[in-house]
Amino acid sequence: MNQVEAIDNQTKKMPIKYRKDYQASNFVIDSVELKVELLDGYSLVSATLAIRENLERAENQFKEKSSNSDLQLNGEQLELLKVAVDGGELESDDYQVSDKHLIIKNCPQAFSLTTQVKIYPDQNTSLEGLYRSSEKYCTQCEAEGFRKITYYLDRPDIMAVFTVRIEAKKALYPHLLSNGNKIDSGDLADGRHYAVWHDPFKKPAYLFALCAGDYDLLEDQFITCSNRQIALQIFVDKGKLGQCQHAMASLKKSMQWDQDVYGLEYDLDTYMVVAVGDFNMGAMENKGLNIFNTKYVLASQVTATDQDFEDVEAVIAHEYFHNWTGNRVTCRDWFQLSLKEGLTVFRDQQFTADQTDPAVKRISDVKIIRSHQFAEDAGPMAHPIRPDSYIEMNNFYTVTVYNKGAEIIRMYHTLLGEEGFSKGMNLYFQRHDGQAVTCEDFVKAMEDANDYPLAQFRRWYAQAGTPYVKVASAYHPEQKTLTLTIKQSCPDTPGQKASDKKAFHIPIKIGLLDNLGRDMPLQLEKGSSWLDGDILQLTESEQTFVFKNLGEKPVLSLLRNFSAPVRLDYDYSDEDLCFLFAKDSDAFNRWDAGQRLLTNIIWSLYEDSLGGKALTLPAYLVSAIKDILDNAELNGQFKALALALPDIKTLIETRARLELDHLLRAHQFVKIQIAQQLEMEWLLHYQANHHIGDFKHDQKAVSQRAFANRCLSYLLVLNKAKPYQLALKQLAGANNMTDAIAAFKALMHSDFENKSEVAEQFYQKWKDEDLVIDKWLSVLATAPSDDTIAQVQQLVQHPAFSLTNPNKVRALIGAFAGANLPQFHRKDGAGYKMLTKQIKALYEVNPQVAARLTGAFNRWKKFDDERQLLMKQQLEQILALPELSRDVYEIASKALN
């Protein structure tokens with residue numbers, strides 16, 4: 001069989017699911033009684049389901065009326081031992097079993113179905129369903145993992161009340177946990193024990209959770225607004241109790257914030273978090289029993305960076321907020337995923353902004369949109385926030401669904417205002433508590449609560465791609481008016497032609513600055529659309545707005561606070577960008593002006609490099625950078641962001657095609673020149689902000705560390721002895737991981753001669769702290785030197801690495817492919833070959849993680865012919881692999897199309 005035939009055979013096995021084909025289930029499940037016996041080498045799962053015919057289903061949902069009463073349940077990797085209806089065991093002719101389904105024939109209108117299956121959690125390396133890892137049991141059921149535990153209608157619109165009994169050896173698994181409230185527990189014969197959990201709230205199977213193990217336990221409590229006492233419990237690996245106080249504090253802040261801002265109170269008696277080392281995701285919001293990647297629970301000053309502390313707080317909040325936006329109100333089907341994820345990301349972004357600096361948070365969120373989501377929108381996996389089709393649902397836990405989805409929710413907030421948005425949220429909960437609903441239900445609640453038409457806004461859910469907003473301006477001094485002509489367009493995306501796409505409803509927040517940087521009054525002539533004083537509503541493919549009473553030509557500050565997820569095209573002069581960088585009152589646009597200025601200069605130098613010209617840095621850029629450096633009024637975190645060059649990934653997305661080597665040369669030239677020409681300033685500001693005394697974790701200290709470490713990173717570019725000594729001293733004397741890892745990275749990514757010795761010392765110091773070693777792996781994998789590929793190949797064999805642990809794979813292989821573009825895209829193709837080798841080793845072990853790695857090839861058409869050919873060859877090799885999973889196939893096949 002040749003390679004083409006192998007790929008064609010793979011294609012035939014991969015059916016596509018379409019949103020338009022949704023049908024309500026013929027049956028519903030009202031309650032589930034589950035018994036899980038954890039035994040040596042295997043587990044027995046007994047399930048009793050109260051099932052009835054779905055009499056409430058709408059007749060028009062069915063293309064054909066069902067002619068029989070057969071029940072088809074999902075089930076994978078299950079060994080069926082018993083099946084009974086209403087207590088009577090079925091004969092083999094009464095049911096049918098395949099590797100995907102159990103079909104019960106001729107079912108009554110209402111009945112009890114009992115099954116018993118045998119499963120093998122020890123062999124489950126996919127980390128979906130029930131699996132055993134590090135001597136503990138854990139589940140992950142979103143999106144379709146519950147079918148690997150027992151036979152079920154494994155779809156989110158089937159909501160049932162669960163009662164779960166767990167049995168296991170008491171000495172090995174003293175903690176037996178599941179959703180809801182514990183209603184019984186006790187000892188059994190032969191050193192075994194049991195616990196029974198009951199969740200009174202109906203939930204889909206994807207929210208089912210079970211954990212069993214020997215943990216350390218941190219306990220606290222929270223008193224709700226109705227004076228209910230909630231028991232809070234965080235379960236962690238033995239010896240890690242000292243690293244979860246921050247997570248507990250974050251949980252309590254999240255609960256209080258959700259009450260204060262949204263009026264939402266927790267509903268169960270207990271809220272549990274379990275930290276797991278082997279986990280495909282960041283965390284999972286299972287009702288009352290959240291399962292977390294250890295990365296988002298464990299944090300102490302010596303092991304976690306300031307960013308880690310913020311991430312823990314944000315993810316703890318995100319999963320808690322899901323209790324209402326995802327659990328109490330859930331998705332009808334997986335095409336509606338952004339209904340819960342986009343909304344909850346927006347809520348956790350709000351929360352973090354309230355706890356930290358709002359401008360810094362906004363900049364950080366938009367950086368993800370521009371570097372990752374814009375790339376996804378422009379690539380082969382482009383999809384609307386509500387996709388129309390998929391092969392494997394796990395591939396649609398994307399930055400589009402999550403982060404762009406959050407930007408869509410943010411636009412509601414912008415258009416309707418704080419009060420209007422709150423009214424819409426209240427109506428949404430009032431209408432749909434306890435239901436599985438659609439994105440349309442959310443839009444309708446916002447629309448009805450505010451009497452605000454959102455028909456056009458719905459296009460954000462249906463049309464893929466990033467809109468381009470092109471602005472032209474003309475100032476008329478005689479009339480004292482400014483005319484803005486704004487056009488919008490959206491490029492072709494898979495399955496959607498640009499010519500078929502209709503105009504979006506885009507809110508554009510705007511400011512006009514006078515020559516001192518002050519905001520000028522905004523007054524529109526009659527006939528122009530307007531909202532809330534500073535927001536233009538763009539609803540047509542082209543619109544004109546005329547501002548009046550402007551005594552001088554203003555400098556435009558457009559798309560303030562990134563008011564819509566669009567690409568802004570306006571012909572700013574470098575002079576205007578320097579002005580905005582220095583004076584704009586909108587902190588986001590101030591940062592953005594600096595990034596636009598740097599981007600313009602880097603691309604200008606790129607053109608010079610292509611043309612064989614000498615590279616020269618404009619003096620005005622150095623002056624603008626120095627002004628930010630010396631501005632004592634600016635937040636140190638803002639400075640750290642403003643002084644960073646645009647990353648290569650973001651720059652790549654601003655061009656249709658490029659010669660990577662020339663871009664890397666221009667980028668590095670700018671960094672070296674800024675470092676050299678401001679060497680004394682970098683040193684002085686480093687010394688002024690690097691703190692050696694007692695560790696603090698307040699806003700001031702976090703800002704100082706961020707600024708000092710940005711200065712250090714520029715100093716290390718100089719390849720001089722003194723900066724190396726500063727970094728070595730900081731690494732040796734650091735009393736916090738922020739400073740330690742910053743110094744370590746600066747050294748590893750420099751030309752320092754003794755890097756291998758420092759790397760080994762770092763490893764020996766932290767080898768017992770998995771999360772720190774993940775940082776160590778990532779720093780080494782992202783080093784821009786030519787020996788990095790060989791080093792990564794050696795690290796794959798290192799005791800610190802494990803192919804079965806997603807954190808390790810992401811830290812080493814994922815970091816190399818996603819964040820080390822100079823080496824991944826090496827012209828000899830060694831980076832591509834190395835990644836494919838790891839995908840081949842991983843795709844049968846963990847398809848989800850292998851698919852994520854495959855996505856590194858998605859933008860192959862951006863590069864020169866030689867690199868395109870090399871990447872295409874790797875994708876073809878991946879597609880020809882035997883028994884390829886749906887996860888990997890979908891990514892690779894769409895990339896090649």
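No side-chain donor-acceptor contact under 3.5 Å links D887 and Y843.
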Exercise for the section: Could you walk me through whether Q77 and Q123 pass the side chain to side chain donor-acceptor pair (under 3.5 Å) test, one step at a time? Expected result: CA-CA 11 Å; Q77 300 171 23; Q123 301 172 25; over 6 Å; no
Exercise for the section: Decide side chain to side chain donor-acceptor pair (under 3.5 Å) for N286 and N179; before the verdict, give the C-alpha distance in whole Å, the side-chain angles of both, and the deciding distance to 0.1 Å. Expected result: CA-CA 7 Å; N286 316 297; N179 310 86; 5.4 Å; no
Exercise for the section: Verify side chain to side chain donor-acceptor pair (under 3.5 Å) between D70 and Q96, making sure each step is shown before the conclusion. Expected result: CA-CA 10 Å; D70 291 354; Q96 182 178 335; over 6 Å; no
Practice task
Step by step, work out the ring pair (Phe, Tyr, Trp, His ring centres under 6.0 Å) result for W334 and F396.
Solution key: CA-CA 9 Å; W334 289 120; F396 284 84; over 10 Å; no
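Each of F429, Y428, Y320, W257 was compared with Y262 under the ring-ring contact (aromatic ring centres under 6.0 Å, His included) criterion, and only W257 meets it. If you run side chain to side chain contact (heavy atoms under 4.5 Å, CB included) between Q72 and each of L153, N26, I103, only I103 comes through.
Classification of D157 and R155 as a salt-bridged pair holds, one side-chain N sitting under 4.0 Å from a carboxylate O. By the 4.0 Å N-to-carboxylate-O rule, R431 lies close enough to D448 to be salt-bridged with it. We find that R19 and E440 are not joined by a salt bridge, their nearest charged nitrogen and carboxylate oxygen being 4.0 Å or further apart. With salt bridges taken as basic N to acidic carboxylate O contacts below 4.0 Å, one links K169 and D40. A salt bridge is defined here as a Lys NZ or Arg NE, NH1 or NH2 lying under 4.0 Å from an Asp or Glu carboxylate O, and K148 with D154 fails to meet this definition.
Of the inter-residue distances, the one linking N323 atom CG with E265 atom CD reads 11.0 Å to the nearest 0.5 angstrom. Note that CD of Q109 is 5.0 Å distant from CD of E53, once rounded to the nearest 0.5 Å. Atom-to-atom distance recorded for C331:SG and K340:NZ is 6.0 Å, nearest 0.5 angstrom. Note: K182 NZ to D269 CG = 13.0 Å, rounded to the nearest 0.5 Å. If you take CZ on R386 and CG on D333, they are separated by 9.5 Å, rounding to the nearest 0.5 Å.
With sequence neighbours excluded, the residues satisfying salt bridge (charged side-chain N to carboxylate O under 4.0 Å, His left out) with E392 are R886. Listed by chain and residue number, nothing satisfies the side chain to side chain donor-acceptor pair (under 3.5 Å) test with Y390 (two or more places apart in sequence, or in another chain).
Ring-centre distance between F321 and F351: below the 6.0 Å cut-off. Taking the six-membered ring where the residue is Trp, the centroids of Y137 and Y173 are separated by under 6.0 Å. In summary, the aromatic rings of F421 and F346 are positioned with their centroids under 6.0 Å apart.
Relative orientation of the Y397 and Y402 rings is tilted, given thresholds of 30° and 60° on the angle between their planes. Using the six-membered ring where Trp is involved, F235 and H175 have ring planes that are perpendicular, over 60° apart on the 30 and 60° scheme. The aromatic rings of F162 and Y152 lie tilted to each other, with the angle between the two planes from 30° to 60°. Ring-plane geometry between H322 and H318 is classed as perpendicular, the angle between the planes exceeding 60 degrees on a 0 to 90 degree scale with a lower cut at 30.
Of the possible polar contacts, none joining the Q116 side chain to the K82 backbone as a donor-acceptor pair under 3.5 Å is found. At distances below 3.5 Å, not a single donor-acceptor pair connects side-chain atoms of T114 with backbone N or O atoms of A84. When atom types are taken as modelled, the side chain of S338 and the backbone of V401 share a donor-acceptor pair closer than 3.5 angstrom.
Residue-environment remark: NZ (K202) stays at or below the threshold of 12 foreign heavy atoms within 6.0 Å. More than 12 heavy atoms of other residues, nucleotides or ligands sit less than 6.0 Å from atom NZ of K105. The number of heavy-atom neighbours closer than 6.0 Å to CD of E219, taken from other residues, nucleotides and ligands shown, is above 12. Around atom CG of D86, more than 12 heavy atoms belonging to other residues, nucleotides or ligands sit under 6.0 Å away. Residue-environment remark: NZ (K894) exceeds the threshold of 12 foreign heavy atoms within 6.0 Å.
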